[in-house]
Amino acid sequence: MNGFRVMTSGVILGAMLLSGCSNSSEPDEAQQENSPVMNENPDANTSETQFIKKGVGDVIRSIKELDSEISMEAESEKIQELGKEVSTTWDSIEKQVEDEYPDWYERIEKNLYPLIGESGNADKDLEKMKRLSEATKEDLQLFLEKVK
């Protein structure tokens with residue numbers, strides 16, 4: 001009788017362990033329907049759009065800080081530091097903008113990269129930086145209107 005109990009317990013334990021292994025690596029249909037990647041609903045990308053819009057706002061704020069320092073003809077190191085901040089802020093959304101809005105991506109970077117580059121130069125052309133800054137901010141504002 002004792003052997004029967006051991007064997008029954010083993011069978012039950014084995015069945016419990018195997019029942020946990022029956023999940024496949026494929027998500028079920030209910031999970032796929034709720035997945036934003038799989039969903040064809042245009043509102044599904046709202047969070048990505050919000051992410052891009054917030055990031056663009058952050059880039060504009062960074063450029064405005066850089067503008068302020070340029071206008072005050074601040075120390076070269078401060079301008080360089082703010083140029084790096086603009087670059088880092090843009091980097092956080094760059095891939096999404098490039099993937100979702102390739103034309104805008106090219107347009108924005110046409111002025112943004114020279115602005116960042118000029119901020120790192122030892123002999124900064126402040127007038128050139130002002131022009132690039134204004135053009136970049138204008139493009140970013142227009143882009144924000146497009147993304148809405």
Side-chain angles (χ1 to χ4, degrees), residues 9-148:
S9 296
V11 169
I12 292 173
L13 183 60
M16 287 172 48
L17 289 173
L18 289 175
S19 69
C21 296
S22 67
N23 291 338
S24 70
S25 63
E26 297 287 324
D28 65 16
E29 288 180 26
Q31 287 175 327
Q32 286 181 352
E33 287 175 8
N34 292 329
S35 170
V37 174
M38 300 298 289
N39 196 336
E40 294 294 324
N41 183 353
D43 293 333
N45 292 328
T46 301
S47 62
E48 184 170 323
T49 301
Q50 292 300 322
F51 176 77
I52 290 173
K53 288 168 64 174
K54 181 192 177 311
V56 169
D58 291 345
V59 173
I60 292 171
R61 278 188 289 285
S62 295
I63 293 173
K64 286 180 178 179
E65 286 180 46
L66 178 61
D67 277 347
S68 176
E69 295 300 320
I70 292 169
S71 295
M72 295 188 313
E73 297 182 10
E75 294 179 15
S76 181
E77 294 82 25
K78 181 66 175 174
I79 292 174
Q80 183 175 1
E81 177 185 317
L82 289 170
K84 287 179 183 178
E85 182 181 318
V86 169
S87 178
T88 301
T89 307
W90 174 249
D91 287 348
S92 70
I93 61 167
E94 179 178 19
K95 183 67 175 151
Q96 288 85 356
V97 174
E98 182 179 21
D99 290 347
E100 297 294 319
Y101 307 93
D103 293 340
W104 278 102
Y105 171 78
E106 287 182 32
R107 180 175 173 172
I108 292 165
E109 289 203 337
K110 181 179 71 179
N111 293 308
L112 179 63
Y113 277 149
L115 173 63
I116 293 168
E118 189 64 38
S119 72
N121 288 342
D123 295 323
K124 295 167 183 33
D125 182 342
L126 298 181
E127 289 304 314
K128 180 179 179 181
M129 289 184 72
K130 287 177 186 177
R131 285 191 310 273
L132 291 168
S133 168
E134 288 303 314
T136 304
K137 286 188 302 187
E138 183 179 322
D139 287 341
L140 289 168
Q141 285 296 118
L142 292 171
F143 175 64
L144 274 179
E145 293 171 15
K146 166 70 175 154
V147 173
K148 292 180 182 181

- State which residues pass ring-ring contact (aromatic ring centres under 6.0 Å, His included) with Y101; sequence neighbours excluded, sorted by chain then number. F143
Rounded distance [0.5 Å steps], [atom1] in [X] versus [atom2] in [Y]:
{"X": "S71", "Y": "L66", "atom1": "OG", "atom2": "CG", "result": "9.5 Å"}
{"X": "I79", "Y": "I70", "atom1": "CD1", "atom2": "CD1", "result": "5.5 Å"}
{"X": "L115", "Y": "T136", "atom1": "CG", "atom2": "OG1", "result": "5.5 Å"}
{"X": "M129", "Y": "I116", "atom1": "CE", "atom2": "CD1", "result": "10.0 Å"}
{"X": "D139", "Y": "W104", "atom1": "CG", "atom2": "CH2", "result": "6.5 Å"}
{"X": "T88", "Y": "E94", "atom1": "OG1", "atom2": "CD", "result": "11.0 Å"}

- Item | CA sep, side-chain torsions, deciding dist, call: V59, I108, side chain to side chain contact (heavy atoms under 4.5 Å, CB included) | CA-CA 11 Å; V59 173; I108 292 165; over 6 Å; no
Pair [X] + [Y], salt bridge at N-O below 4.0 Å:
{"X": "R107", "Y": "D103", "answer": "no"}
{"X": "D67", "Y": "K64", "answer": "no"}
{"X": "E81", "Y": "K84", "answer": "no"}

- Item | Polar contact flag, side-chain donor to acceptor under 3.5 angstrom, E118-N121 | yes
Minimum heavy-atom separation for [X] to [Y], with atom names?
{"X": "S119", "Y": "G83", "value": "OG-CA, 3.3 Å"}
{"X": "I63", "Y": "L112", "value": "CD1-CD1, 4.2 Å"}
{"X": "A122", "Y": "S76", "value": "O-OG, 3.9 Å"}
{"X": "N111", "Y": "A135", "value": "ND2-CB, 3.4 Å"}
{"X": "T89", "Y": "S62", "value": "OG1-OG, 3.4 Å"}

- Message: Working note: E100 + Y105, criterion side chain to side chain donor-acceptor pair (under 3.5 Å); need CA distance, chi angles, decisive distance, verdict.
- Response: CA-CA 9 Å; E100 297 294 319; Y105 171 78; over 6 Å; no
- Message: Assess the residue pair K53 and V56 against the criterion (side chain to side chain contact (heavy atoms under 4.5 Å, CB included)); give the C-alpha distance rounded to whole Å, side-chain angles, the decisive distance to 0.1 Å, and a yes or no.
- Response: CA-CA 5 Å; K53 288 168 64 174; V56 169; 5.8 Å; no
- Going through the checks in order, is the side chain to side chain contact (heavy atoms under 4.5 Å, CB included) test met by E127 and R131? CA-CA 6 Å; E127 289 304 314; R131 285 191 310 273; 4.0 Å; yes
